[in-house]
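What's counted below: heavy atoms across the whole structure, side chains too, no hydrogens, waters or symmetry copies. Order of the sequence lines sets the chain letters (A, B, ...), proteins ahead of strands, with each chain counted from 1.
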There are 2 protein chains.
Amino acid sequence: MVVGDEAADRLFHALADATRRDILWRSVEGELSVSRLAEPYPMSFAAVQKHVAVLERAGLVTKARRGREQRVRTEPDAVARARQALDHLGSLWRGRVDRMAGLLAGAAESASESTHGEEGTERWA
Amino acid sequence: MVVGDEAADRLFHALADATRRDILWRSVEGELSVSRLAEPYPMSFAAVQKHVAVLERAGLVTKARRGREQRVRTEPDAVARARQALDHLGSLWRGRVDRMAGLLAGAAESASESTHGEEGTERWA
DNA sequence: CTGACCTACAACCAAATGGTTGTAGGTGAT
DNA sequence: ATCACCTACAACCATTTGGTTGTAGGTCAG
């Protein structure tokens, strides 16, 4: 593990399963109990429980006791973090294109710091 | 697999590993050969080869023969797709908040189609 | 042609994943 | 108190994953 970002590992891993994404989708629309969430899926309740646990460890959802059931709520900050990561990747790519365009154009503005490298910035914000 | 979106599975799974993210990051900055990419990591060349294969199956990178080596290039469209997916999730969440705010405010603009449900839209675009 | 290098792929292995069933602890209603 | 329900968690199993080594095919330089 060269870059060692456990949080991003958990985040993307949690998103890398259709059932979990579906759970997340449905949790966005309203807080549901775990058993209510489990109903549509062709698997045991325990399996869904595990999926929710994965989402929870990734910080994508939180559980809150509401009487005897436990309601699952999405945590939008985590989603925003994942988006930010991909945004950053996109900006890197755009930066590369800009740099190449700059080379082709003859490197007019050589003093610009935005193309300097940016090695010090955190990779995942 | 309730929603059955294999592409999203592969996409997020590919992103769910620090080494693969690092490879992707470095590939954005410039096309490198597989062996050049493999150099920094404390694992065998074959292991890195497998990581690149995972990124390739996810559509995140493509390989192009350049003489005897094979240069790895990032495919920005796939990154954009992943971002779109998370954007959609974010917009769903925002929509829910708006809907709740609307309920609290007394549902002034009831004719708005933006809060109607949107069940027909593809989940991953 | 030979040797060095880059790549591809198979075989194998330990560990993690995704699923199951079973058991047990709380909570609410009767 | 009892019953029904929701949840948590352990034990277990098949498959996948991430890593290894080894073998083999191309491609460039000498």
Side-chain angles (χ1 to χ4, degrees), chain A residues 1-24 26-27 30-73, chain B residues 1-24 26-27 30-73:
Chain A
M1 303 301 177
V2 172
V3 300
D5 198 332
E6 287 285 331
D9 283 17
R10 284 192 289 264
L11 236 177
F12 285 113
H13 172 251
L15 290 169
D17 181 282
T19 302
R20 283 194 292 265
R21 287 193 301 270
D22 200 60
I23 289 174
L24 196 55
R26 299 205 294 134
S27 299
E31 302 184 11
L32 295 171
S33 70
V34 181
S35 51
R36 194 59 74 89
L37 278 173
E39 279 169 0
Y41 308 110
M43 66 185 75
S44 68
F45 170 77
V48 175
Q49 224 176 354
K50 282 192 185 180
H51 281 306
V52 173
V54 170
L55 290 168
E56 198 178 11
R57 258 177 276 136
L60 283 165
V61 305
T62 54
K63 286 184 286 188
R65 277 233 155 69
R66 197 67 158 180
R68 67 176 163 183
E69 48 189 25
Q70 191 119 219
R71 288 224 164 80
V72 175
R73 160 182 41 205
Chain B
M1 301 299 179
V2 172
V3 301
D5 198 331
E6 287 283 332
D9 282 18
R10 284 192 288 265
L11 236 176
F12 285 113
H13 171 251
L15 290 169
D17 181 282
T19 302
R20 285 195 290 267
R21 286 193 303 270
D22 200 60
I23 289 174
L24 195 57
R26 299 204 300 141
S27 299
E31 302 184 11
L32 294 171
S33 70
V34 181
S35 52
R36 194 60 73 91
L37 277 172
E39 280 170 357
Y41 308 110
M43 66 185 74
S44 68
F45 171 77
V48 175
Q49 224 177 352
K50 282 193 186 180
H51 281 306
V52 172
V54 171
L55 290 168
E56 198 177 12
R57 257 178 277 138
L60 284 165
V61 304
T62 54
K63 285 185 286 189
R65 279 234 154 67
R66 196 67 158 181
R68 66 178 162 181
E69 48 189 26
Q70 193 118 220
R71 288 226 165 78
V72 176
R73 160 181 40 207

Using whole Å, report how far CZ of A/Arg10 lies from P of C/dA16.
14 Å
Is there a side-chain contact between B/His51 and B/Met43 (heavy atoms, below 4.5 Å)?
yes
Within the structure provided, determine whether A/Leu32 and A/Val72 are in side-chain contact (heavy-atom separation under 4.5 Å).
no
Closest non-hydrogen atom pair, B/Ala58 against B/Arg10
CB-O, 3.4 Å
Would you mind reading off the distance between A/Glu6 atom CD and C/dA16 atom P, rounded to a whole angstrom?
12 Å
Expressed in angstrom and rounded to an integer, what is the separation of A/Arg57 atom CZ from C/dA16 atom C1'?
11 Å
Checking contacts here: which listed nucleotide (D/dG19, D/dT17, C/dG18) is nearest the side-chain heavy atoms of A/His13?
C/dG18
Would you say that B/His13 contacts B/Arg57 through its side chain, given a criterion of any heavy-atom pair below 4.5 Å between the two side chains?
no
Can you check the B/Asp9 CG to D/dT15 C1' distance for me, whole Å?
15 Å
Write down the protein N/O and nucleotide N/O pairs, taken from nucleotides 25-30 of chain C, whose separation is under 3.5 Å; answer none if there are no such pairs.
none

Taking all non-hydrogen atoms of both residues, which atom of A/Phe12 and which atom of B/Leu15 are closest, and how far apart?
CD1-O, 3.6 Å
Rounded to the nearest Å, what distance is computed from the CZ atom of residue A/Arg21 to the C1' atom of nucleotide C/dG18?
15 Å
Taking every heavy atom of A/Leu60 against every heavy atom of A/Ala14, the minimum-distance pair comes out as CD1-CB, 3.8 Å
Would you indicate what A/Ser44 reaches in the nucleic acid, counting non-hydrogen atoms under 4.0 angstrom: base, sugar-phosphate, or nothing?
base
From CD of A/Glu56 over to P of D/dA8, roughly how many Å is that when rounded to an integer?
8 Å
B/Gln49 CD to D/dG25 C1': how many Å, rounded?
13 Å
So, taking the atom named CZ in A/Arg26 and the one named CD in A/Glu39, what distance separates them when rounded to the nearest 0.5 Å?
8.0 Å
When every non-hydrogen atom of A/Arg73 is compared with those of A/Ala64, the smallest separation belongs to NH2-CB, 4.0 Å
Contact nearer the 5' end of DNA chain D, comparing A/Lys63 with B/Val54
A/Lys63
Quick one: is B/Arg71 getting a side-chain N or O under 4.0 Å of the C/dC6 phosphate, OP1 or OP2?
no
Identify whether any heavy atom of A/Arg20 sits under 4.0 Å from a base atom; if not, whether one sits that close to sugar-phosphate; answer base, sugar-phosphate or nothing.
sugar-phosphate
How long is the line joining CZ of A/Phe45 and C1' of D/dA10, in whole Å?
15 Å
Nearest to the A/Glu69 side chain among D/dC6, C/dT7, C/dT20, which nucleotide is it?
D/dC6
Nearest-nucleotide pick for B/Lys50, side chain only, options being C/dT20, C/dT7, D/dT20
D/dT20
Among the nucleotides D/dT7, D/dG18, C/dT20, whichever has the atom closest to the side chain of A/Gln70 is D/dT7
For C/dG19, does OP1 or OP2 lie under 4.0 Å from any side-chain N or O of A/His51?
yes
With respect to the phosphate group of D/dT7, does any side-chain polar atom (N or O) of A/Ser35 fall under 4.0 Å of OP1 or OP2?
yes
